[in-house]
Amino acid sequence: MDLETAALVTALQNGTLRALSHEDHVRVAWHYATRLSLPETLLEVPALLQAYARAKGRADDYHETVTFAFLCVIHARVRQCPEASWERFRSDHADLLDRAFLERYYPRHVLDSEAARCGFVLPDPREVAP
């Protein structure tokens with residue numbers, strides 16, 4: 001593991017991280033996806049992000065559907081090239097760094113819903129624009 005990723009993950013785990021950008025979220029997900037199975041990743045990362053959000057007094061910022069959907073996509077892409085460094089993964093999958101990435105699979109009203117925030121909502125192919 002590179003030192004920057006190690007420092008990011010450690011600070012997140014210890015609750016000492018000042019801020020967590022979208023790219024940081026993707027990097028943390030990549031880190032776990034390179035080390036754990038998908039079920040383990042889906043247990044570890046959401047718990048870590050929820051603890052971080054609570055520690056920052058922003059528990060409502062945690063979004064279950066966004067978290068689970070990104071974790072699944074990142075995990076699938078890691079499996080395509082499991083030995084890739086963060087820099088290579090980031091370069092090869094730059095589309096994941098776009099916060100609007102999931103709007104390919106979910107309409108905005110679904111992502112904005114309380115149901116999607118509090119629990120995982122599967123994408124409905126009937127609602128996704130071609």
Side-chain angles (χ1 to χ4, degrees):
M1 171 176 20
D2 65 270
L3 294 178
E4 269 187 60
T5 302
L8 172 64
V9 170
T10 299
L12 182 59
Q13 291 169 336
N14 294 339
T16 58
L17 190 63
R18 294 183 68 197
L20 189 64
S21 69
H22 176 68
E23 184 172 333
D24 291 338
H25 277 87
V26 173
R27 190 172 191 162
V28 167
W30 166 83
H31 166 78
Y32 280 88
T34 61
R35 286 156 179 75
L36 301 175
S37 68
L38 179 58
E40 292 169 320
T41 300
L42 290 171
L43 287 173
E44 295 287 328
V45 176
L48 183 61
L49 294 176
Q50 287 171 328
Y52 175 77
R54 278 192 308 273
K56 296 298 178 193
R58 300 179 62 149
D60 290 344
D61 284 355
Y62 176 78
H63 194 296
E64 185 94 340
T65 297
V66 169
T67 300
F68 274 52
F70 264 105
L71 288 174
C72 288
V73 171
I74 291 166
H75 208 279
R77 291 192 183 181
V78 163
R79 294 296 158 245
Q80 295 170 2
C81 189
E83 302 303 318
S85 66
W86 164 246
E87 290 76 20
R88 170 88 186 275
F89 183 84
R90 182 184 186 280
S91 173
D92 289 351
H93 304 283
D95 60 328
L96 295 172
L97 302 177
D98 180 358
R99 292 179 61 91
F101 173 81
L102 290 181
E103 290 178 28
R104 298 175 187 175
Y105 306 99
Y106 294 92
R108 175 60 26 207
H109 76 275
V110 171
L111 290 174
D112 288 343
S113 72
E114 190 63 23
R117 178 170 295 289
C118 296
F120 179 63
V121 174
L122 285 169
D124 183 345
R126 298 171 298 177
E127 291 197 58
V128 179

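For reference, positions follow the sequence shown, starting with 1.
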For [X], is the [atom1] atom crowded, meaning more than 12 foreign heavy atoms sit under 6.0 Å from it?
X: Arg108; atom1: CZ; result: yes
X: Gln80; atom1: CD; result: yes
X: Arg99; atom1: CZ; result: no

I need the [X] [atom1] to [Y] [atom2] distance, nearest 0.5 Å.
X: Cys72; Y: Tyr105; atom1: SG; atom2: OH; value: 11.5 Å
X: Phe89; Y: Thr34; atom1: CZ; atom2: OG1; value: 9.5 Å
X: Leu8; Y: Leu20; atom1: CG; atom2: CG; value: 6.5 Å
X: Arg77; Y: Leu96; atom1: CZ; atom2: CG; value: 4.5 Å
X: Tyr52; Y: Asn14; atom1: OH; atom2: CG; value: 12.5 Å

Run the numbers on Glu23 and Arg90 for salt bridge (Lys or Arg N to Asp or Glu O under 4.0 Å), then give the verdict.
CA-CA 9 Å; Glu23 184 172 333; Arg90 182 184 186 280; 2.6 Å; yes
Is there a continuous path of hydrophobic side-chain contacts, each under 4.5 Å between heavy atoms, that joins Tyr62 to Leu43?
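In one cluster: no.
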Just jot down the salt bridge (charged side-chain N to carboxylate O under 4.0 Å, His left out) partners of Arg27, sequence neighbours excluded, or say none.
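For Arg27, the residues satisfying salt bridge (charged side-chain N to carboxylate O under 4.0 Å, His left out) (neighbours in sequence not counted) are Asp2, Glu4.
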Heavy atoms only: give me the nearest [X]-[Y] pair and the separation to one decimal.
X: Leu48; Y: Val28; value: CD2-CG1, 4.4 Å
X: Arg54; Y: Ala59; value: CG-CB, 3.8 Å
X: Tyr32; Y: Thr41; value: O-OG1, 3.6 Å
X: Asp98; Y: Phe70; value: O-CZ, 4.3 Å
X: Leu36; Y: Glu44; value: CD1-CG, 3.7 Å
X: Leu71; Y: Leu38; value: O-CD1, 4.2 Å

Donor-acceptor under 3.5 Å ([X] side chain, [Y] main chain):
X: His63; Y: Leu111; value: yes
X: Thr65; Y: Val121; value: yes
X: Lys56; Y: Ala19; value: no
X: Asp24; Y: Ser21; value: yes
X: His75; Y: Ala29; value: no

Contacts of Ser113 that satisfy side chain to side chain donor-acceptor pair (under 3.5 Å) - sequence neighbours left out
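So Ser113 forms no side chain to side chain donor-acceptor pair (under 3.5 Å) with any residue.
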Would you check, one step at a time, whether the test side-chain contact (heavy atoms from CB on, under 4.5 Å) holds for Asp112 with Tyr106?
CA-CA 10 Å; Asp112 288 343; Tyr106 294 92; over 6 Å; no
CA sep, side-chain torsions, deciding dist, call: Leu49, His25, side-chain contact (heavy atoms from CB on, under 4.5 Å)
CA-CA 9 Å; Leu49 294 176; His25 277 87; 3.9 Å; yes
Heavy-atom distance under 4.5 Å between the side chains of Arg104 and Asp95, does that happen here?
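Sidechains of Asp95 and Arg104: in contact.
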